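Working notes, structure below.
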Amino acid sequence: MKKRVPLYLKIIIGMALGLIWGLLAVKLDLGKITSDWIKPWGTVFLNLLKLIAVPLVFVSLVKGIYGLDNINRLRAMGFKTIGLYVATTVASIIIGLALVNTIKPGNTFPKGKQIEFQDQYSKNISEKQTAATEISNQSPLQFIVDMVPENIVKATTDNSKMLQIILFALLFGIAMILLPVKAIQPVKDFIDSLNEIVLKLIDIIMLAAPYGVFALLSALVVDFAGDLDVFTSLGLYFVTVLLGIFLILVVLYPIYLKIFVRKANIGKFFKGILPAQMVAFSTSSSAATLPVTMKQTTEELGVDHEVANFVLPVGVTINMNGTSCYQAIAAVFIAQVYGIDLTMGQQLIIVLTALLAAIGSPGVPGGSIVMLIIVLTSAGIPVEGLALILGVDRPLDMFRTIANITGDSATSVIVAKSEGLLDESKICRA
Ligand code: ASP
């Protein structure tokens with residue numbers, strides 16, 4: 001009998017071949033062929049994932065909420081989830097600050113490069129700055145206004161408006177809980193079977209994952225080949241962010257899991273979530289990865305759908321540990337290059353604004369850049385400094401998205417355990 005190759009292995013092979021092809025294409029001048037004939041397949045895969053993200057968030061959240069069958073349970077699970085999300089985000093920012101203040105990557109940055117980068121990225125920055133100014137000029141309560149869609153159809157047309165869909169789904173689910181079962185039965189049945197269909201769709205889309213990541217990665221390598229010199233001057237900054245993400249993954253999350261789920265087997269956790277991490281790496285989008293995160297968390301980590309349906313969609317926009325760590329490092333790095341000595345108070349402002357910025361960043365590629373401008377402005381760091389880091393942002397985005405989705409999954413395991421809804425046989429030692 002033929003043995004089936006597991007999905008995660010197929011995705012790893014797809015990624016490795018994608019990298020190899022990308023490097024070969026750069027060497028053999030096959031960049032155009034790659035962009036014309038391979039890249040589109042990556043875009044198709046990405047679109048398929050994004051296509052399913054909005055229905056998935058809506059259906060799973062509504063199902064997750066009415067599954068709790070009373071408002072008190074919803075409140076308890078909501079507080080627990082948000083509390084854990086905020087705690088891990090603050091821990092990640094502290095890791096970032098500790099690293100950047102110790103390694104001081106900004107002090108070794110070649111001075112001449114500063115002007116060069118600023119010229120190169122000035123247009124890009126002014127666009128982002130306009131967006132950030134629009135945000136800062138608004139009332140401090142604007143983010144609440146932005147969470148409430150005036151038109152649900154419009155909200156579903158933009159994956160970066162996920163918070164609006166979450167809010168609508170929350171209200172919809174709460175209304176269902178408050179009504180007698182008889183009144184909502186047809187909608188409940190409809191949502192239940194829609195949920196089955198969406199989950200099946202994810203299975204189908206995932207069949208394309210190995211080819212999708214191959215195409216995405218080979219095209220990325222080709223697109224980035226021209227920017228390689230940026231890496232040499234930004235090497236230490238790059239390494240600092242990677243180190244931060246690495247510490248979040250191999251120190252913070254294992255400790256976090258062990259505190260709440262003592263028997264958790266960290267190896268099983270990482271093996272279970274690996275396919276989602278690889279899709280996160282290839283797509284740089286937590287929102288696009290949500291279908292895979294959901295599948296892996298419920299099927300491999302033993303988290304009951306009732307918990308995953310609630311914790312994961314909320315985490316996509318709210319919980320970004322990799323992003324918050326990176327924002328802290330980027331802000332202090334820029335300050336170091338400009339020779340600004342940040343006071344304790346300014347570093348505290350970074351903790352607070354990076355927390356809010358990570359909550360407010362949409363789970364899309366580069367989603368946190370506009371929010372980073374707000375962190376810089378609040379801490380009195382020149383926004384032009386963004387030019388220094390934009391060149392290497394995409395690869396770092398790939399890594400921070402891995403940390404973002406892994407944090408969501410770890411929290412879902414912990415919430416499931418506390419609710420008695422974790423199948424411990426999947427991720428605990430016997
Ligand atoms: N790409 C990240 C995510 O989707 C957000 C960011 O850090 O820009 O989680």
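Everything numeric in this text was worked out from a predicted model, so none of it was measured. Atoms within each ligand, like the ligands themselves, are counted from 1 in listed order.
In Ser286, the parts holding a heavy atom less than 4.0 Å from any atom of ligand 1 are both the side chain and the backbone.
For ligand 1, the atoms closer than 4.0 angstrom to any heavy atom of Thr323 are 5 (C), 6 (C), 7 (O). Each of the following atoms of ligand 1 lies closer than 4.0 Å to a heavy atom of Ser368: 6 (C), 7 (O), 8 (O). For ligand 1, the atoms sitting less than 4.0 Å from at least one non-hydrogen atom of Gly366 are 8 (O), numbered in the order shown with element in parentheses. Remark: ligand 1 atoms within the under-4.0 Å shell around heavy atoms of Asp397 are 1 (N), 2 (C), 6 (C), 7 (O), 8 (O). Near Ser284, meaning under 4.0 Å from any of its heavy atoms, are these atoms of ligand 1: 1 (N), 4 (O). Listed by number with element, the atoms of ligand 1 under 4.0 Å from a non-hydrogen atom of Arg400 are 6 (C), 7 (O), 8 (O). Set against the non-hydrogen atoms of Ser285, the atoms of ligand 1 under 4.0 Å away are 4 (O).
Under the 3.5 Å distance criterion, with hydrogens and angles disregarded, no donor-acceptor pair is assigned to the side chains of Asn321 and Tyr256. For the residue pair Ser324/Gln327, the side-chain donor-acceptor check at 3.5 Å is not satisfied. Of the N and O atoms on the side chains of Asn101 and Gln347, at least one donor lies less than 3.5 Å from an acceptor on the other residue.
Residue contact check for ligand 1: Ser361 places no non-hydrogen atom closer than 4.0 Å to it.
By the 6.0 Å contact criterion, CG on Asp341 is open, its count of non-hydrogen atoms from other residues, nucleotides or ligands being 12 or less. Counted within 6.0 Å of NZ on Lys80, heavy atoms from surrounding residues, nucleotides or ligands total more than 12; the atom is thus considered enclosed. Around atom OH of Tyr211, no more than 12 heavy atoms belonging to other residues, nucleotides or ligands sit under 6.0 Å away.
An N or O contact shorter than 3.5 Å is missing between Pro362 and ligand 1 by distance. Between Val364 and ligand 1, a contact under 3.5 Å exists for at least one N or O pair.
Scanning for ring-ring contact (aromatic ring centres under 6.0 Å, His included) contacts around Tyr8 gives an empty result, with sequence neighbours left out.
Between Leu342 and Ile350, the closest side-chain pair of non-hydrogen atoms falls below 4.5 Å.
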